[in-house]
Amino acid sequence: MDFSVLDLALVTNLLLLLLIGMGPKIALVPFLDATKGFEPARKKKIGTRMVLIGVSAALILFLIGNFLMNLLHVSAGAVSVAGGIVLMTISLKMITASDHKAETKVSEPEDDDHLALYPLAIPYMLNPAGIVILIVASSKVPDLLSWGLVVGLILVVGAFDLLVFRNIEFVAKRMTPTKLVISEVIFGILLTALAVEMMVLGLRGLGVITGGGAAH
């Protein structure tokens with residue numbers, strides 16, 4: 001993740017990473033399971049709250065990520081390895097779960113705000129990949145223009161999340177159980193690959209290994 005040149009390639013790569021890290025896909029199935037049987041207005045309220053919490057957490061994390069790393073004496077490599085391990089556990093569940101409903105079923109909490117916060121906003125919407133991306137980006141942005149770029153992209157992805165979850169009934173009607181299972185398996189494999197890449201890059205950053213992995 002090199003901010004020395006702000007070009008289209010950087011913007012595109014960062015946008016794609018943020019769509020993986022805080023986009024709607026990973027949160028979609030848990031959201032549908034957790035809100036099954038709820039009235040459409042209640043689903044929309046929970047979805048809106050979830051997105052607002054997720055985006056707010058992402059912005060705060062980006063703003064203080066570098067400070068936290070310095071405070072705890074944690075390197076970007078260690079953050080990347082830890083995030084890769086956690087993401088691996090999530091992605092493997094997506095691939096191997098024979099009953100996605102059972103895997104993602106959540107006991108209804110006392111109120112909708114709690115459900116929107118955990119586990120929907122974190123760790124499903126703002127997932128480990130997103131947390132790593134934001135913390136690492138926080139440590140690498142060199143100027144206000146770069147800061148503005150990252151914040152702007154966070155808001156763009158958040159707007160897309162809001163569009164999806166405020167129209168969740170429309171989306172749910174077009175997502176058959178077969179489509180959900182197939183998409184979960186495919187996306188789970190891609191996320192597993194990303195988790196491996198995160199761990200490799202983290203180990204390279206720590207000097208544990210040399211070579212391998214793609215530079216970001």
Side-chain angles (χ1 to χ4, degrees), residues 1-2 8-34 50-51 54-55 57-58 61-62 76-77 79-105 119-137 150 153-154 156-165 168 171-172 174-205 209 211-216:
M1 197 179 298
D2 184 6
L8 182 60
L10 173 65
V11 174
T12 302
N13 288 336
L14 190 54
L15 178 59
L16 290 175
L17 288 171
L18 287 174
L19 282 170
I20 293 171
M22 55 177 290
K25 182 61 187 77
I26 295 180
L28 183 60
V29 173
F31 183 92
L32 292 174
D33 283 343
M50 176 191 72
V51 173
V55 172
L61 188 60
F62 174 62
V79 172
S80 186
V81 172
I85 292 171
V86 177
L87 183 61
M88 179 76 76
T89 63
I90 294 175
S91 61
L92 289 177
K93 285 182 180 180
M94 294 171 68
I95 298 170
T96 60
S98 59
D99 185 350
H100 289 265
K101 190 175 182 180
E103 280 292 333
T104 57
K105 186 174 181 181
L120 295 180
I122 302 171
Y124 285 122
M125 181 186 149
L126 180 59
N127 59 63
I131 293 171
V132 171
I133 291 161
L134 292 167
I135 291 177
V136 173
V150 178
L153 290 177
I154 291 172
V156 167
V157 175
F160 179 60
D161 288 332
L162 194 62
L163 177 66
V164 170
F165 287 102
I168 194 65
V171 175
R174 284 152 180 80
M175 293 297 292
T176 64
T178 300
K179 289 180 180 178
L180 282 174
V181 171
I182 292 174
S183 65
E184 284 290 276
V185 172
I186 293 173
F187 203 72
I189 292 172
L190 294 175
L191 284 180
T192 301
L194 176 62
V196 172
E197 182 74 7
M198 288 169 60
M199 287 187 280
V200 169
L201 290 172
L203 292 172
R204 288 178 64 198
I209 61 174
H216 292 289

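Applying the side-chain contact (heavy atoms from CB on, under 4.5 Å) criterion to Leu153, with sequence neighbours excluded, gives Val11, Leu14, Leu15, Leu18, Leu149. In this view, Ala195 and Leu87, Met88 satisfy the side-chain contact (heavy atoms from CB on, under 4.5 Å) rule, not counting sequence neighbours. With sequence neighbours left out, Phe62 forms a ring pair (Phe, Tyr, Trp, His ring centres under 6.0 Å) with Trp147. Contacts of Val164 classified as side-chain contact (heavy atoms from CB on, under 4.5 Å), with partners at least two apart in sequence or in another chain: Pro24, Phe160, Val171. Taking Ser80 as the reference, nothing meets the side chain to side chain donor-acceptor pair (under 3.5 Å) condition, with sequence neighbours excluded.
No side-chain heavy atom of Leu201 sits less than 4.5 Å from a side-chain heavy atom of Val81. Considering only heavy atoms from C-beta on, Met198 stays 4.5 Å or farther from Ile85 through its side chain.
None of Leu191, Val185, Ile186, Thr192 except one satisfies the side-chain contact (heavy atoms from CB on, under 4.5 Å) rule with Ile189; the exception is Val185.
Taking CE of Met50 as the start and OH of Tyr124 as the end, the distance is 12.0 Å to the nearest 0.5 Å. With rounding to the nearest 0.5 angstrom, the CG atom of Leu190 is 10.5 Å from the NZ atom of Lys25. From Leu28, atom CG reaches atom CD1 of Ile26 across 11.0 Å, with rounding to the nearest 0.5 Å.
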Please output the side-chain donor-acceptor pairs of residues 126-136 that fall under 3.5 Å, not counting sequence neighbours, one pair per line with the distance.
residue : atom : partner : partner atom : Å
Asn127  : OD1  : Ala129  : N            : 3.0
Asn127  : OD1  : Gly130  : N            : 3.2
Asn127  : ND2  : Ile20   : O            : 2.8
Asn127  : ND2  : Gly21   : O            : 3.1

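In terms of heavy-atom proximity, Gly54 sits nearest to Ala121 at N-CB, 4.1 Å.
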